Amino acid sequence: MSDLIANLNAPQLQAVTLPPVHALILAGAGSGKTRVLTTRIAWLMSTGQVGPHGVLAVTFTNKAAKEMTARLSSLVPINTRGMWIGTFHGLCNRLLRAHYREAGLPQTFQILDTADQLAMVKRLLKNLNVDDEKYPPRELVHFINAHKEQGVRAAQAEAYDNYTQKRVELYAEYENQCNREGVVDFAELLLRCYELLQRNEPLRRHYQERFRYILVDEFQDTNKLQYAWLQLLAGGGAKVFAVGDDDQSIYAFRGAEVGNMRDFERDYAGDNIIRLEQNYRSHGNILAAANALIKNNRERLGKNLWTDAGEGEPIRAFEGYSDLDEARFIVEEIRELVRDGVSPTQVALLYRSNAQSRVLENELFTKGVPYKVYGGLRFFERQEIKHALAYLRLLGNPDDDTAFLRVVNFPTRGIGARSLENLQATAHQMNSSLYNAAASLTGKAGQTVGGFIRLIEQLRQETENLPLPEMVEHIIEKSGLAQHYRTEKEGQDRLENLDELINAAATFIDDEGAIGEGGALVSFLTLASLEAGEHQAGEGQEAVQLMSVHAAKGLEFDVVFITGLEQGLFPHENSVSQGRDGLEEERRLMYVAVTRARKRLYVTCAQTRMLHGQTRYCVPSSFLEEIPEQLLRRLNKKAESASAVPAYGQFGGGYAEPPAAHGLRVGMNVEHAKFGVGVIVATEGRGADARVQVNFGRAGMKWLALEYAKLTPV
DNA sequence: TGGGAGTGCTTTTTT
DNA sequence: AGCACTCCCA
């Protein structure tokens, strides 16, 4: 036991060994957050304060949950299998499966992922003859989810105008449709679980008494409903240990409420607030830059990271002429680093938006540097996988219209739009699922659709007694999917993925020893929805890591490049237009990016960049100015770059248009009588129409018509 | 039915 | 530019 806490620093030790109280742990980047969380659990158990049974630990991602479980079993000799460690959604699912009747769900209820949900909303709009231009499906999905995340059902939703009135009605229709089909979306898992506990007192009491200690990871990312859910579970005297970092809150755009941290402080933690401020990850200069940046945010709980690792290297800053120039510089540096013995896996290229990876990938590819991009399509989201799963879903629950429509005519079996319209109308009349309504169809539609129904019935019989992997294999073959992809030109990859699905089923059976409530199939399908597949294969390869800043949260690397540091890109213009809060979230994002680096940090930008098919002229990010100059080493002189704008076409892609005849060029410094000295960032038009965009620093960014504005080069 | 042309959008993302 | 989605024709 003393081993357990031997190497903790003072605040870590304090947090881990806290008596049974509510506590808020403000854990800075790289301060040993996960370690404290897991050691706390281990400590509570090994001192006999609680058994594995009485602990509830909540995370946001499956990855974090798995890591916690793994670390825990290395700390204490217990079987973690039965413990309630998981994601909010995973734990809610578990509760709902165990009490599906009380929750008003069918035993085999399935989970809609984002794509399924969108498909259902689109279908709904069509069936109800609603103009999808006036009510865009995506916006409606957002409307529905946002309400659920606030704990608001359609019946309680406020309809403050006619438009919203209609949206609320559609929300209600959507709820009905989900209930009819016996499916739940992600937000529903949480809301349904919350309502279950709220309404069912014996059940609530049971869990309130069971869980004595509740631990929450990444608390700054919780939304309102999640907070309410925690409050409910903690209502019986359980002690909540919340770990989070308000400075790393970067998910407000999807409903996270940093305010929950303050609320938690007010409602629970009181004076049990512990700050973990010693950073074990980054060298001093990197931390100093991070601290200097985040200091500019107003709403903070307050925290200052420090390290005893020494200053380390300066932060390297580079400004390229173009995005291509920037990419070339980066790849050159990487090659040098690798030559000096740095492992490519320890080098990360970060960007604000995924579209930026293209130029970088191109250059890496050209120079033969292996790389891996994170954040593409995930395994269970691939179309062939979703098709196979849809067949499986239909076996489990014929009322699943989303699954039905996905495969009723895939591979094609002559069931056209007319037949389906027919079917949907019939189903609507009968208030039943498409599958059920199929029997009532007459004519040609009745025949073709009937054929599909018979196929499903046949598959059901044939696979009834098969173990899961063989069942999956059988379905893939007999549904015609395999044959379809065998004849398709580009089908090879898809066939391999389908094989991989069979493997996944086999692994699943081995790992889980099969079955949860409702059998192996249902739990496998649940896994497919809840764990869309941990990124892609080939994770451990010797490759440079490319990812968005969001995706980098929680990771660390020896060398980090933060790329595309330009005004409008990072901070992103859409966020900046959302006012102060938007800019502050961008700054937190920058803070996250900076604190990923252990030893060396590069910050790079470009003067021109291809965006949406057009060349944009860029101004360096305001975040660059927020890093104290003495921490920086500029790898190209700033003054030089201003006057050294290359001639047209000199640098690969060149510019979209040659410099205009008025002699003013991007990068030139000019003086204006009123605004003072500024730098030209864009030019447009010619002759009398010519305009230039100038960044005057304090006086801001201005578009000036050359015909009127007097600009003198300086 | 399926493909080719035309249209529109484009921040970040987990469950 | 690149991609997803729709529409229309063979």
Side-chain angles (χ1 to χ4, degrees), chain A residues 58-65 86-93 111-119 122 132-133 136-138 142 145 148-149 184-191 193 218 221-223 225-226 249-256 323 350-359 362 374-378 380-381 383 409-419 448 488-489 526-535 547-554 564 568-578 582 585-586 588-590 592-593 609-616 653 656:
Chain A
V58 199
T59 64
F60 272 86
T61 64
N62 292 299
K63 200 174 161 195
T87 63
F88 278 101
H89 294 85
L91 295 168
C92 286
N93 172 63
I111 301 164
L112 297 182
D113 68 15
T114 316
D116 295 333
Q117 188 187 22
L118 184 66
K122 282 181 179 167
D132 62 359
E133 305 242 305
R138 279 171 200 285
H142 179 91
N145 289 342
K148 289 191 181 184
E149 281 164 15
V184 298
D185 59 45
F186 287 132
E188 184 71 25
L189 277 174
L190 284 158
L191 182 52
C193 184
E218 306 279 15
D221 289 339
T222 51
N223 63 31
L225 181 55
Q226 286 158 341
S249 159
I250 55 174
Y251 286 113
F253 74 91
R254 65 172 197 216
D323 44 359
L350 308 185
Y351 32 78
R352 174 64 237 265
S353 65
N354 287 309
Q356 288 166 248
S357 74
R358 185 164 252 106
V359 197
N362 221 333
Y374 286 80
L377 246 203
R378 286 171 312 166
F380 285 107
E381 288 169 353
Q383 70 142 343
N409 196 35
F410 193 96
T412 52
R413 24 181 98 87
I415 301 174
R418 293 170 315 284
S419 304
T448 51
E488 201 183 67
K489 256 183 284 166
T526 301
L527 172 102
S529 311
L530 249 29
E531 304 187 29
E534 300 289 296
H535 286 294
M547 66 192 85
S548 70
V549 180
H550 284 91
K553 190 176 162 205
L569 197 61
F570 196 2
H572 199 279
E573 50 205 356
N574 295 2
S575 299
V576 175
S577 65
Q578 281 157 31
E585 175 140 325
E586 292 290 306
R588 289 193 292 271
L589 203 47
M590 179 68 182
V592 168
R609 179 177 300 276
M610 277 293 258
L611 209 62
H612 311 324
Q614 277 178 326
T615 302
R616 283 232 310 213

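Protein chains get the first letters and strands the later ones, always in sequence-line order, with residue 1 at the start of each. None of the values given here were measured: they were computed from a predicted structure.
- A:Asp132 contributes no side-chain N or O that, together with a main-chain N or O of A:Pro136, makes up a donor-acceptor pair within less than 3.5 Å.
- Contacts of A:Gln578 with the nucleic acid, taken as non-hydrogen atoms under 4.0 Å apart, include base atoms.
- Residue contacts shown for A:Asp185 are absent, as no nucleic acid heavy atom lies under 4.0 Å away.
- Comparing B:dT15, B:dT13, B:dT12 by their nearest atom to the side chain of A:Arg378 picks out B:dT15.
- The phosphate of B:dT15 (OP1 or OP2) has a side-chain N or O of A:Asn62 nearer than 4.0 angstrom.
- Spacing between atom CZ of A:Arg138 and atom C1' of B:dT11 amounts to 14 Å, rounded to whole angstrom units.
- Ring-plane geometry between A:Phe186 and A:His89 is classed as perpendicular, the angle between the planes exceeding 60 degrees on a 0 to 90 degree scale with a lower cut at 30.
- Heavy atoms of A:Phe88 sit nowhere under 4.0 angstrom from any nucleic acid atom.
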Can you check side-chain contact (heavy atoms from CB on, under 4.5 Å) on A:Met610 and A:Val359, steps first, answer last?
-> CA-CA 9 Å; A:Met610 277 293 258; A:Val359 197; over 6 Å; no

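- Across the protein-nucleic acid pair, A:His142 atom NE2 and B:dT15 atom P stand 20 Å apart, rounded to whole Å.
- Nearest heavy-atom pair across A:Asn574 and A:Ser577 is O-OG, 2.8 Å.
- At B:dT1, none of the side-chain N or O atoms of A:Arg413 fall inside 4.0 Å of OP1 or OP2 (strictly under the cut-off).
- Projected onto DNA chain B by closest heavy-atom contact, A:Gly416 and A:Glu586 fall at different nucleotides, the more 5' of which corresponds to A:Gly416.
- Backbone-only contact: A:Phe60 has heavy atoms under 4.0 Å from sugar-phosphate atoms and none from a base.
- A:Arg254 has its CZ atom 9 Å from the C1' atom of B:dT12, to the nearest Å.
- Judged by atom type and distance alone, A:Ser529 does not reach the base of B:dT15 through any side-chain donor-acceptor pair under 3.5 Å.
- One P atom belongs to B:dT13, the other to C:dA4, and the distance between them is 16 Å to the nearest Å.
- Checked against B:dT12, C:dA1, B:dT15, the side chain of A:Thr87 finds its nearest nucleotide in B:dT15.
- Atom-to-atom, CE of A:Met547 to C1' of B:dT11 comes out at 17 Å; the value is rounded to the nearest Å.
- Rounded to whole angstrom, the span from the CG atom of A:Leu611 across to the C1' atom of C:dG2 amounts to 12 Å.
- For the OP1/OP2 pair of C:dC3 and a distance below 4.0 Å, the side-chain nitrogens and oxygens of A:Arg358 include at least one atom meeting the criterion.
- The side chain of A:Thr114 has B:dT15 as its nearest neighbour among B:dT12, C:dA1, B:dT15.
- Checked against B:dT13, B:dT11, B:dT1, the side chain of A:Asn354 finds its nearest nucleotide in B:dT13.
- Going from atom CD of A:Glu585 over to atom C1' of B:dT13 covers 12 Å, rounded to whole Å.
- Between A:Glu188 atom CD and B:dT15 atom P there is a gap of 19 Å when expressed in whole angstrom units.
- Taking a cutoff of 4.0 Å between a charged side-chain nitrogen and a carboxylate oxygen, A:Arg352 and A:Glu586 qualify as a salt bridge.
- Projected onto DNA chain B by closest heavy-atom contact, A:His572 and A:Glu381 fall at different nucleotides, the more 5' of which corresponds to A:His572.
- As a whole-Å value, the separation of A:Asp132 CG from C:dT6 P is 8 Å.
- The existence of a salt bridge linking A:Asp113 and A:Arg378 is excluded, since no basic side-chain nitrogen approaches an acidic carboxylate oxygen closer than 4.0 Å.
- Both stacking criteria are satisfied for A:Phe253 over the base of B:dT12: a centre-to-centre distance under 5.5 angstrom and an angle between ring planes under 30 degrees.
- When the nucleotides B:dT14, B:dT11, B:dT1 are ranked by their closest atom to the side chain of A:Thr61, B:dT14 comes out on top.
- Within the 4.0 angstrom heavy-atom criterion, only backbone atoms of the sugar-phosphate kind lie near A:Ile415; the bases stay farther away.
- One finds no side-chain N or O of A:Ser548 lying less than 4.0 angstrom from the OP1 or OP2 phosphate oxygen of B:dT11.
- A donor-acceptor contact closer than 3.5 angstrom is absent between the side chains of A:Gln578 and A:Ser575.
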